[in-house]
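Here is the structure we will look at.
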Amino acid sequence: MLMHVINVGHDVLKANDKLAEKNKKRLDKNNVLAINFMGAIGSGKTTLIERTITELGKKYRIAVIAGDVIADMDAGRIAKLGVTTIPVNTGRECHLDAKLVEKALKSIDLKNIDILLMENVGNLICPADYQLGEHLRVVVVSVTEGDDIVLKHPVIFKSTDIAIIHKKDLAEAVFASTEKMEGDVRHLNPDIPVLKTSIHDKESMDQWFSTISSLADERKKE
Amino acid sequence: MHEYSLACEIMDNVISISETNGAKGVNSITVGVGKLTHVNPDQLTFCLESLVSENIARGAEIILNEIYPEMECQCGFSDSGKRFCTTDDEVIDDIRVFLDVPCPECGEMMQASGGRELIIESIDIEQ
């Protein structure tokens with residue numbers, strides 16, 4: 001018998017990133033702004049997406065990919081707002097990947113969409129390893145997770161484009177310092193916008209909406 | 001579970017490469033795991049070992065190599081990340097070692113390059 005070593009050099013994670021690039025090209029072709037929402041269970045991702053649709057849906061055509069181990073609950077909440085919602089059941093998976101998004105994109109009429117919101121599976125670990133084809137990675141972290149949550153998950157905060165410190169109105173009740181959380185994000189990723197938000201504080205939500213709408217406007221012009 | 005699906009993807013590739021090369025069996029599979037991924041090497045090994053029981057790769061040895069990022073500073077300093085997670089007699093297994101480390105030359109925060117791989121490096125087959 002002959003023994004033979006085959007040098008393979010196939011990178012499984014890079015294969016995902018390549019597929020993500022393909023997704024991005026499809027989105028670019030249709031001038032769609034795609035946002036990947038990452039954050040723990042209960043951080044407020046779904047509510048933030050609902051509010052974003054209610055506010056920005058007046059001006060932009062929005063679609064949503066709702067990823068979850070069992071996806072139809074969040075998707076049901078979002079679909080009530082009258083936007084195209086694709087539930088993506090990841091089954092056992094702890095994150096969305098480019099292949100799941102590629103499949104979901106087939107069910108969306110991209111020509112008639114301005115913004116695609118993708119809600120990742122709730123955790124701060126696995127989604128960090130996967131690109132989906134998004135233009136913007138957003139990490140949502142709530143004060144109720146404890147104010148050391150940022151430093152506990154450095155990889156995802158290194159790879160994000162915006163950090164949202166959510167439910168800031170509850171900070172005092174859970175003995176969390178939003179200043180510490182913001183400082184921790186800036187320490188890991190000095191150049192990104194850090195928004196402190198609460199759905200009960202209109203000004204902070206407006207800041208988020210205007211960040212997204214200016215990005216969507218930029219893409220429309222392109 | 002993250003590692004299981006990655007192991008399945010690795011095995012799919014291993015099987016198809018083995019078949020393309022007319023393999024009768026697989027002696028070993030060498031996989032490189034970047035230290036900056038969230039892949040747990042022990043879990044990945046376990047999953048791969050359980051997957052090689054019922055196919056062409058039955059009994060294959062799983063060899064895992066850890067891939068360290070290269071730490072780079074704006075001042076021009078660079079060195080393997082391995083340097084920053086080994087002290088005299090112990091290895092610090094903490095991802096922060098690569099993400100939050102000041103440059104030994106100038107004290108500025110360094111950037112990690114690489115270490116995000118999950119590569120099927122080679123397969124040793126019998127033809």
Side-chain angles (χ1 to χ4, degrees), chain A residues 1-20 38 40 67 69 89-100 120-131 148-160 183-191, chain B residues 1-14 16-40 44 63 67 69 94-102 108-109 111-112 114-127:
Chain A
M1 265 206 221
L2 260 168
M3 272 165 53
H4 179 45
V5 177
I6 304 169
N7 291 315
V8 182
H10 176 76
D11 190 322
V12 174
L13 289 175
K14 226 168 244 156
N16 174 79
D17 291 350
K18 269 189 200 151
L19 193 54
M38 301 170 289
V69 177
N89 276 313
T90 59
R92 292 172 199 84
E93 289 300 329
C94 40
H95 56 269
L96 284 176
D97 65 27
K99 207 182 276 176
L100 290 167
N120 220 310
V121 182
N123 81 76
L124 286 167
I125 303 161
C126 313
D129 286 347
Y130 291 84
Q131 299 286 330
D148 48 4
I149 193 79
V150 176
L151 288 184
K152 281 181 182 167
H153 300 87
V155 177
I156 204 157
F157 286 96
K158 276 267 187 189
S159 75
T160 192
D184 289 346
V185 176
R186 296 211 181 282
H187 177 68
L188 287 165
N189 202 340
D191 302 323
Chain B
M1 193 171 132
H2 205 115
E3 281 77 5
Y4 181 70
S5 64
L6 289 168
C8 289
E9 208 174 324
I10 289 171
M11 275 319 294
D12 286 348
N13 277 288
V14 166
S16 102
I17 293 163
S18 305
E19 284 173 356
T20 315
N21 286 277
K24 293 198 176 73
V26 179
N27 295 320
S28 66
I29 303 163
T30 308
V31 177
V33 184
K35 293 292 273 183
L36 275 175
T37 65
H38 283 111
V39 178
N40 179 324
L44 185 70
I63 303 164
I67 303 172
D94 185 333
I95 213 157
R96 283 176 300 181
V97 168
F98 311 112
L99 297 178
D100 193 5
V101 51
E108 286 295 308
M109 185 107 107
Q111 293 296 325
R116 298 179 196 279
E117 307 81 355
L118 181 61
I119 301 185
I120 308 168
E121 292 181 343
S122 62
I123 311 169
D124 184 354
I125 58 165
E126 275 181 27
Q127 281 176 321

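Residue numbering restarts at 1 for every chain, and letters A, B, ... go by the order of the sequence lines. Values below: every heavy atom of this structure, side chains too, minus hydrogens, waters and symmetry copies. Just so we're clear, the structure is a prediction, and the values are computed from it rather than from any experiment.
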Looking only at Val12(A), Ile6(A), Val5(A), most heavy-atom pairs under 4.5 Å shared with chain B are made by Ile6(A)
Under a 4.5 Å cut-off applied to non-hydrogen side-chain atoms, are Ile17(B) and His10(A) in contact? no
Report yes if some heavy atom in the side chain of Leu13(A) is under 4.5 Å from a heavy atom in the side chain of Leu6(B); otherwise report no. yes
Measuring heavy-atom distances to chain B, does Phe157(A) have an atom under 4.5 Å in its side chain, in its backbone, in both, or in neither? neither
One pair to check against side-chain contact (heavy atoms from CB on, under 4.5 Å): Val31(B) and Leu118(B). What are the steps and the verdict? CA-CA 7 Å; Val31(B) 177; Leu118(B) 181 61; 4.0 Å; yes
Could you look at His95(A) and say if it's the side chain, the backbone, both or neither that has a heavy atom under 4.5 Å from chain B? side chain
Just so I know, are the side chains of His187(A) and Val150(A) near enough to count as touching, which here means a heavy-atom distance under 4.5 Å? no
Contacting moiety of Glu117(B), where chain A heavy atoms sit under 4.5 Å: both
Is any NZ, NE, NH1 or NH2 atom of the basic residue among Asp97(A) and Lys99(A) found under 4.0 Å from an Asp or Glu carboxylate oxygen of the other? no
Which atoms of Ile95(B) approach chain A - backbone, side chain, both or neither, heavy atom under 4.5 Å: side chain
